[in-house]
Amino acid sequence: MVTLIAMLSTSPSAAQGATGGAALDRALEELVQLPDGPPAAIAVIGRGKARSVHRAGNANPTGDGRLPRPGDRMRIASTSKAMSGGTALSLVEDGILSLDDTVGELLPDQPVAWHAVTLAQLLNHTSGLPDFTAQPAFGPALFAAPDDPPAPRDLLAFAAGEPLNFPPGSDYRYSNSDNVAVGLMVQAATGLHYPTALGRRVRRPLHLGKTSLGPAPRLPKPYIHGYGRLDEDDPFGDVSNVFDFGGWAWASGGIVSTPGNLNKFIRGYVGGALFGPATRDAQAEFVSNANSEPRGPGQNSAGLALFRYETRCGTVFGHTGSILGYTQFMAATRSGRRSVTVTVSTQDKALVPQIRRAEAKAVCVALA
């Protein structure tokens, strides 16, 4: 695969981490050179007011073959969960929701076994809710109507007949059902459609002009093309627009954004731009040895719609994500002044170790 590689700096201070930046550049280039590796990889590093962009490969291999850019659209996968968390926690800050609000109180039509689950347990994946995407009926339904998703409430119906994985609050298990339930609780508490609440509570305050959630089977141009296989026997190809993930993943993984917007979001989200100290303290009560999905760099622990990543270069807070065509990582220091996002344009569990190494190098550049 022919690759392109470049590093752009927006200020002299960003270039001072040149040694670490060169190691990150090599890690991204090594990723795109792997068999069935991502055609493109891009890391955006924020250090105070300075920003550097590291990138390799081709955003559109069958088109203009250009490098990925910070303003290119992409599917942000489960980093969407941090945005649903930001929406819910800002409502907690304003007293419209409480972390102790239960599914039974706000979503009484959901299974009775789920009624005692609290908003806090949904946000830190200790709810025990079975994952709707793991149910046998989900895959066939997705492939039967790739661009005609069900209503968000009906996503949980795929798991409604399953028992809880464990009593609420007694264990940790990552579940996509959790953040769909969070989105539905936001709707019930506000009377607004979740995308509207997301816009008012997250997108508008953080000035995320290229971030959206809605029925859009095709990504707006220009975008980073995501590559992969629908089946193990299929050729490796462009899967960017196969499914309407805005509906099929919704609040759990359906948001479209850009590397630049994602970096701006995580700085504000972790840095306290959306809610005050008391809510931030509650968010930062971490469940130890609880990995994000996919696992992020270093030692992972789970808070409320937030993960702690303890790496050899220091500790950052954020989220990972993986969806057909894309793998994502975003994190920031507690102050929000140092930040990192890494996007690779494929989803492959076999690549996770190499991706984690690139993420760790990106964290080191941000914290150097």
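Below, each value reflects all heavy atoms present in this structure, side chains not excepted, and no hydrogens, waters or symmetry copies.
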Criterion side-chain contact (heavy atoms from CB on, under 4.5 Å) on Arg51 and Ile45, from CA distance to verdict: CA-CA 6 Å; Arg51 187 180 80 167; Ile45 309 295; over 6 Å; no

hydrophobic_cluster_shared for Leu230 and Leu219, side chain cutoff 4.5 Å: yes

Exam field: side chain Ser84 to backbone Gly183, donor-acceptor pair closer than 3.5 Å: no

Exercise: do Glu93 and Thr279 side chains pair donor with acceptor under 3.5 Å: yes

Whether Arg69 side chain and Ile224 backbone form a donor-acceptor pair below 3.5 Å: no

4.5 Å side-chain heavy-atom contact, Tyr174 and Ser78: yes

Check: Tyr172 side chain, Asn291 main-chain N or O, donor-acceptor pair, under 3.5 Å: yes

Gln135 side, atom CD; Ser177 side, atom OG - distance, nearest 0.5 Å: 7.5 Å

Pair Arg66 + Asp72, salt bridge at N-O below 4.0 Å: yes

Minimum-distance pair of heavy atoms, taken over all atoms of Leu184 and Pro152: CD2-CB, 4.3 Å

Polar contact flag, side-chain donor to acceptor under 3.5 angstrom, Ser252-Asn176: yes

Interatomic spacing from CG in Asn179 to CG in Leu122 - rounded to 0.5 Å: 8.0 Å

Derivation of the side-chain contact (heavy atoms from CB on, under 4.5 Å) call for Thr87 and Val182: CA-CA 9 Å; Thr87 305; Val182 170; over 6 Å; no

Beyond-backbone contact of Thr211 with Phe265, side-chain heavy atoms, under 4.5 angstrom: no

Single-linkage hydrophobic cluster Leu34~Val344, side-chain heavy atoms < 4.5 angstrom: yes

Full working for side-chain contact (heavy atoms from CB on, under 4.5 Å) between Gln187 and Leu107: CA-CA 10 Å; Gln187 292 188 160; Leu107 308 174; over 6 Å; no

Gap separating the NE2 atom of His319 from the CD atom of Gln328, nearest 0.5 angstrom: 12.0 Å

Donor-acceptor contact below 3.5 Å, side chain Asn58 vs main chain Asn60: no

Arg75 side chain to Ser257 backbone, donor-acceptor under 3.5 Å: no

Same apolar cluster (I L V M F W Y, side chains within < 4.5 Å links), Val352/Leu31: no

Verdict with supporting geometry, Glu310 and Arg308, salt bridge (Lys or Arg N to Asp or Glu O under 4.0 Å): CA-CA 6 Å; Glu310 298 171 274; Arg308 179 176 62 199; 3.7 Å; yes

Exercise: identify the closest heavy-atom pair between Pro68 and Ala40: CG-CB, 4.1 Å

Main-chain N/O of Gly48 paired to Arg267 side chain as donor or acceptor, under 3.5 Å: yes

Side chains of Asn289 and Gln299, donor plus acceptor under 3.5 Å: yes

From CA spacing to verdict: salt bridge (Lys or Arg N to Asp or Glu O under 4.0 Å), Asp109, Arg153: CA-CA 10 Å; Asp109 58 334; Arg153 189 174 298 272; 2.9 Å; yes

Note, Tyr227 side chain near Asp36 side chain (heavy atom, < 4.5 Å): no

Contact check, side chains of Asp171 and Thr126, non-hydrogen atoms, under 4.5 Å: no

Full working for ring pair (Phe, Tyr, Trp, His ring centres under 6.0 Å) between Tyr309 and Phe317: CA-CA 6 Å; Tyr309 302 107; Phe317 305 86; 8.6 Å; no

N/O donor-acceptor pair under 3.5 Å between Asn241 side chain and Val239 backbone: no

Candidate pair Leu123 and Leu89, rule side-chain contact (heavy atoms from CB on, under 4.5 Å), full reasoning: CA-CA 10 Å; Leu123 289 172; Leu89 291 172; 4.0 Å; yes

Non-hydrogen side-chain atoms of Ser301 and Val287 separated by less than 4.5 Å: no

Heavy-atom side-chain proximity of Thr341 to Thr79 below 4.5 angstrom: no

Reference residue Arg201; test side chain to side chain donor-acceptor pair (under 3.5 Å); the match among Thr196, Thr190, Asp94: Asp94

Sidechain-backbone polar pair: Glu162 side chain, Pro130 backbone, donor-acceptor under 3.5 Å: no

Within the 6.0 Å centroid threshold, strictly below: Phe243 and Phe143: yes

Hphob cluster co-occupancy, Leu192 + Val202, side-chain heavy atoms under 4.5 angstrom: no

Same apolar cluster: Leu106 and Leu156, side chain cutoff 4.5 Å: yes

Ala249 to Val180 - nearest heavy-atom pair and separation: O-CG2, 4.4 Å

Reported CZ-to-NZ distance for the pair Arg312 and Lys361, which is rounded to 0.5 angstrom: 6.0 Å

Close side-chain approach of Asp25 to Arg55, heavy-atom, < 4.5 Å: no

Heavy-atom pair of closest approach, residues Ala181 and Leu129: CB-CD2, 4.4 Å

Exam field: side chain His54 to backbone Leu28, donor-acceptor pair closer than 3.5 Å: no

Within 6.0 angstrom of Lys264 NZ, more than 12 heavy atoms from elsewhere: yes

Aromatic ring proximity, centroids under 6.0 angstrom, Trp250 and Tyr194: yes

Spacing of His193 atom NE2 and Leu213 atom CG [to the nearest 0.5 Å]: 12.0 Å

Any side-chain donor near an acceptor of the partner, Asn165 and Arg173, under 3.5 Å: yes

Reported CG-to-CH2 distance for the pair Asp148 and Trp248, which is rounded to 0.5 angstrom: 8.0 Å

Closest non-hydrogen atom pair between Ser127 and Val117, with its separation: CB-CG1, 3.5 Å

Proximity of His225 and Tyr223 rings by center, below 6.0 Å: yes

Test: Arg229 cationic atom under 6.0 Å from Phe236 six-membered ring centre, within 45° of axis: no

Note, Thr133 side chain near Leu155 side chain (heavy atom, < 4.5 Å): no

Under 3.5 Å: donor-acceptor pair, side chain of Arg356, backbone of Gly296: yes

Considering all heavy atoms, the nearest Ala43-Val342 contact: CB-CG2, 4.1 Å

Evaluation steps, side chain to side chain donor-acceptor pair (under 3.5 Å), between Ser240 and Asp238: CA-CA 6 Å; Ser240 311; Asp238 192 335; 2.6 Å; yes

